[in-house]
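Take a look at the structure set out below.
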Amino acid sequence: MLKLFNTLSRKKEEFQPLSDVVGIYTCGPSVYQYAHIGNFRTFVFEDVLVRYLRFRGFRVKRVMNLTDVEDKAIATARKEGKTLQELTEYYSRIFFEDMEKLNLLPADVFPRATEHVPEIIGIIKKIVDNGYAYRGKDGTVYYDVSRFNRWGELSHLKLVPGKKKIKRDEWGEDSAIISDFALWKSYEKEDGNVFWETELGKGRPGWHIECSAMCTKHLGTRFDIHVGGVDNIFPHHETVMAQNFGAFGENPSKYWLHTRHLMIDGRKMSKSMGNFYTLHDLLEKGYRPMVIKYLLLSMSYRRRLNFTFHGLEEAGENLEKIHCAIERIKRAKGVDDVEKIAMKALKKFEKVMNDNLDTGKALKIMEELSDAVIGMEPDKGSSRKILETFRTMDSILGLSLFKPF
RNA sequence: GGCGGCGUACCCAAGUGGCUAAGGGAGAGGUCUGCAAAACCUUUAUGCAGCGGUUCAAAUCCGCUCGCCGCCUCCA
């Protein structure tokens, strides 16, 4: 039985789907700059989640949004003298290329925030009608956090009531204060030509409402799994829950999964600190995409992973070993009946994957199988079985083991 | 200050109450070799941040202390 750690309960829970199609929503990239490999740690994990669910026989619908309108994107476009669309199109294209390089399956839907303004308006109106939002003096529509008594349930934060209003995607000094956040931001000069004329007035969507609108449109008001990095727990996912409660009276997702950060020099790899590598950076240094992916998978997603070049080298060696083992087995003409080893390995593999998708241990099991196999002369039947096992594991981890290394 | 995570050898790391604490990497010694590399062999924690407690038994459970990190309105 598959168990997943649910941030909401802070417990591992048995995965029981709501219906015959498992709905998964993942917060995708903000497409105003290159995604870094810390971002990809999350996307790689999500890919394995989807692949594993399919392996277990579930039908899955995965939705991954592209945040293509927000403060930073607007500011960046302005600075670079581009339109918002030119900027986000460019980075979206790069993102899709990176996904392909890392052998990540495309989501079933890649909704863009700018293409969902009518849905966004619709959901804001519901929230207003239900009494969970109000209009500020300048026309900005704010979510009234004081009306939502389950605020803080996901992040487990005890927040202090306050009167602050947050209009832009700002970050301030007043921490631990409950603030009302913008659902619809009225037009400001620095928005330039980024605005929509709507029945809520001239303006643009708030950052948080985009996800509520898109997940609801593509997966309904209640779906199975919502995934993202831990830094999204608060405020982003907390607000998504609040918004969906305001509009539809329920928490949109049964399970909330959060990946821990990729660290560098003991610190979180982040855009704002500038201590990151993009996929492109590492490819340029000569590292192969699958080696990078191997490193990203080498630790359970619930644990922090410290990025080092030494670790990357080791990942490369381990991956090479597995490739060698597969090549050897392909040509094996021995007489040993060693089918059992393959079956045992697969069993162990499933066991660790069932335990909250521990890809780090799963990789170790693959390495052990490779080590075992390298010293053997398996017969034809065993060879076929071993190759099948590797193929199955590869279909879940997506490491392109059967392509030239 | 609140919530959470982590601390096992020089480095990474497994370990989830019970045989002498996995495995890699690096280092040291060796086999082989004209030398080197590769490969292979040997070796490296009376001890798991510290202190106290529970127990027949603790790296593992409990309490306290120290240190590092994450979140507490940019962020995967």
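Chain naming here is simple, since letters A, B, ... match the order of the sequence lines and numbering starts at 1 in each.
In this structure, A/Lys268 reaches the bases: a heavy-atom distance under 4.0 Å links it to at least one base atom across the strands shown. At a threshold of 4.0 angstrom between heavy atoms, the contacts of A/Gly38 include nucleobase atoms, whether or not backbone atoms are also involved. Base engagement by A/His36 is indicated by at least one non-hydrogen atom pair under 4.0 Å involving a base atom. A/Met269 comes within contact range of at least one nucleobase, with a heavy-atom separation under 4.0 Å. Contacts of A/Ile233 with the nucleic acid, taken as non-hydrogen atoms under 4.0 Å apart, are absent.
B/G47 sits 12 Å from B/A21 when the P atoms are compared, rounded to a whole Å. Spacing between B/C64 and B/G18 at atom P, rounded to whole Å, works out to 25 Å. Using C1' as the reference atom, B/G15 and B/G4 are 23 Å apart when rounded to the nearest Å. Straight-line distance between the C1' atoms of B/U20 and B/C62: roughly 28 Å, to the nearest whole Å. Only the C1' atoms considered, B/G52 is 23 Å distant from B/A45, to the nearest whole Å. Taking atom C1' on both B/A39 and B/C32, the two are 9 Å apart, rounded to the nearest angstrom. Here the separation of B/A49 from B/U8, taken at their C1' atoms, is 10 Å to the nearest Å. Look at the C1' atom in both B/C48 and B/G17: the space between them is 15 Å, to the nearest Å.
Residue A/Leu295 contributes atom CG, which lies 11 Å from atom P of B/A13 at whole-angstrom precision. Here the P atom of nucleotide B/G5 and the CG atom of A/Leu305 are 19 Å apart, to the nearest Å. Atom NZ of A/Lys321 and atom C1' of B/G25 are 12 Å apart (whole Å). Rounded to whole Å, the distance from CZ on A/Arg302 to P on B/C69 is 20 Å. Distance A/Glu320 CD to B/G24 C1': 15 Å, rounded to the nearest Å. Between the C1' atom of B/A76 and the NE2 atom of A/His236 lies a distance of 11 Å, rounded to the nearest Å. Rounded to an integer number of Å, the gap from CD1 of A/Ile365 to P of B/G15 is 10 Å. Rounded to whole Å, atom P of B/G5 lies 7 Å from atom CZ of A/Arg10.
Judged purely by atom type and a 3.5 angstrom limit, A/Arg260 has no side-chain atom pairing as donor or acceptor with the backbone of A/Leu305. In this structure a side-chain-to-backbone donor-acceptor pair under 3.5 Å is present from A/Asp394 to A/Ser400.
With B/A76, B/A13, B/G5 as the choices, the nucleotide that has an atom nearest any side-chain atom of A/Asn39 turns out to be B/A76. Candidate nucleotides B/C71, B/C3, B/A14 were compared by shortest atom distance to the side chain of A/His156, and B/C3 ranks first. Here B/U73 is the nucleotide among B/A14, B/G25, B/U73 with the atom lying nearest to any side-chain atom of A/Ile166. Of the candidates B/A76, B/C69, B/U73, B/C69 carries the atom nearest the A/Met263 side chain, counting heavy atoms from C-beta on. Comparing B/U73, B/G70, B/G25 by their nearest atom to the side chain of A/Arg267 picks out B/G70. Of the listed nucleotides (B/C6, B/A76, B/C72), B/C72 has the atom at the smallest distance from the side chain of A/Leu157. Residue A/Arg260 places its side chain closer to B/G4 than to any other of B/G24, B/A76, B/G4. Proximity note for A/His261 (side chain, C-beta onward) versus B/A14, B/A76, B/G25: the nearest is B/A76. Comparing B/A76, B/G25, B/G2 against the side chain of A/His310 picks out B/G25 as the nearest.
Look at A/Glu238 and A/Arg150 and you find no salt bridge, because none of the NZ, NE, NH1 or NH2 atoms lies under 4.0 Å from a carboxylate O.
Aromatic pair A/Phe309/A/Tyr277: ring centres closer than 6.0 Å. Here A/His208 and A/Phe181 bring their ring centres to under 6.0 angstrom of each other.
For A/Phe40, the ring-ring contact (aromatic ring centres under 6.0 Å, His included) partners two or more places apart in sequence, or in a different chain, are A/Phe43, A/Phe95.
Nearest heavy atoms, A/Tyr25 versus A/Cys211: OH-SG, 3.3 Å. A/Phe390 approaches A/Ile322 most closely through the heavy-atom pair CE2-CG2, 3.9 Å. Nearest heavy-atom pair across A/Thr259 and A/Phe45 is CG2-CD2, 3.4 Å.
A/Phe349 has its side chain within reach of A/Leu397: a pair of non-hydrogen atoms, C-beta onward, lies under 4.5 Å apart.
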Under the rule of Watson-Crick or G-U wobble with both distances under 3.5 Å, where | means paired to another strand and [ ] a crossing pair, RNA chain B maps to ((((((((.[[[..)..(....]]].(((((.......))))).....[[[[[..)....]]]]])))))))....
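Nearest-nucleotide positions on RNA chain B for A/Val230 and A/Ser272 put A/Val230 closer to the 5' end.
A donor N or O paired with an acceptor N or O is found under 3.5 Å between the base of B/C69 and the side-chain atoms of A/Arg304.
Of the side-chain N and O atoms in A/Lys364, none sit less than 4.0 angstrom from OP1 or OP2 of B/A13.
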